[in-house]
Student: 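Below you'll find the structure I mean.
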Amino acid sequence: TQSTRPQRILGAVQRNATRGDPRSVVRAIDQYCRNQEWAMNVGDEKGCILDSVVSEVNPATVLELGTYCGYSTVRIASLLPPHAKLITLEFNPEFAVIARQVFAWAGLEDKIQLVEGASGDLIPKMKEQFGVETFDLVFLDHWKDRYLPDTKLMEECGLLRKGSVLLADNVICPGAPEYLEFVRSSPRYESQYFKSHLEYTKVEDGLEKSVFLG
Ligand SMILES: O=C(NC/C=C/[C@H]1O[C@@H](n2cnc3cncnc32)[C@H](O)[C@@H]1O)c1cc([N+](=O)[O-])cc(O)c1O
Ligand SMILES: [Mg+2]
């Protein structure tokens, strides 16, 4: 039977990456998606911006919305301090199965908690079910029309504190216009645009970093 794109990405990791070496997993996925088959990973160019924001924030608690194959999850987790926690939400069970194997190959299972379900349902349960107070960093990379409603939901659920950083992928392509308008005009956020390119292409895209001011 025909394999799926996530299955082929996992195959590229298992063939080309070194077990327990997260950076080799990231490199294997980038090489496969640049040379063989495009996929919606944040990619190597925007990934460097992601790395710099993660290093600057040095978060103890991270929330990722939209795991897909786990490329950005591995990229973030590989930079976290020893006792930091990364929770990633994914509602497609097939993608979750692949992502868990990618985390295992990278040797990062202990740092990453993948929770299967829809962000809109899971965000209100974060405190009670997952013992989270607030998130130091949130990486938004799920359906673009969910960025704004989920941000408002995180605020309402008290999951953001003064200084929490939201980092959103694809604010230009495919685009998240309502989200961008909100974080750039709201007095409760200090926003900054990092211009880059859509993964593995020359098309403009970028990341928007928004600090919650409380
Ligand atoms: O569409 C894009 N991303 C959507 C990502 C979606 C991923 O997040 C999950 N998800 C969605 N809502 C969810 C709610 N809750 C949990 N998981 C969820 C989906 O099951 C998928 O694994 C995209 C598209 C392009 N592009 O060039 O077309 C480029 C990119 O970088 C992209 O990120
Ligand atoms: Mg993306």
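Whatever order the structure lists ligands and atoms in, that order sets their numbers, starting from 1.
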Student: For residues 25-37, which residue pairs qualify under side-chain hydrogen bond (donor to acceptor under 3.5 Å, both in side chains), counting only residues two or more places apart or in two chains?
Tutor: Arg5-Glu37, Arg8-Glu37, Asp30-Tyr71, Asp30-Tyr200, Tyr32-Glu37, Arg34-Asp44

Student: So that I can tick it off, tell me whether Arg75 and Glu64 are bridged by a salt bridge, with the cut-off set at under 4.0 angstrom between side-chain N and carboxylate O.
Tutor: no

Student: Using 2.8 Å as the cut-off, note every protein N, O or S atom close to the Mg ion (ligand 2).
Tutor: Asp141 OD1, Asp169 OD2, Asn170 OD1

Student: Test Leu160 against every option in Leu213, Thr134, Asp136, Val138 by the side-chain contact (heavy atoms from CB on, under 4.5 Å) rule and name the one that passes.
Tutor: Val138

Student: Using a 4.0 Å cut-off on heavy atoms, what residues surround ligand 1? Order them by chain and number.
Tutor: Trp38, Met40, Gly66, Tyr68, Leu89, Glu90, Phe91, Asn92, Phe95, Gly117, Ala118, Ser119, Asp141, His142, Trp143, Lys144, Asp169, Asn170, Pro174, Leu198, Glu199

Student: Using 0.5 Å steps for rounding, measure from the CD atom of Glu208 to the CD atom of Gln192.
Tutor: 8.5 Å

Student: Over 60° means perpendicular and under 30° means parallel, so classify the ring planes of Tyr147 and His142, tilted if in between.
Tutor: parallel

Student: According to ring pair (Phe, Tyr, Trp, His ring centres under 6.0 Å), who are the partners of Phe139, at least two apart in sequence or on a separate chain?
Tutor: none

Student: Answer yes when Lys209 and Glu56 have at least one side-chain N-carboxylate O distance shorter than 4.0 Å, and no when they do not.
Tutor: yes

Student: Is the closest basic N to carboxylate O distance between Lys202 and Asp205 below 4.0 Å?
Tutor: no

Student: Would you mind checking if Arg23 and Asp51 are paired as a salt bridge, meaning a charged N to carboxylate O distance below 4.0 Å?
Tutor: yes

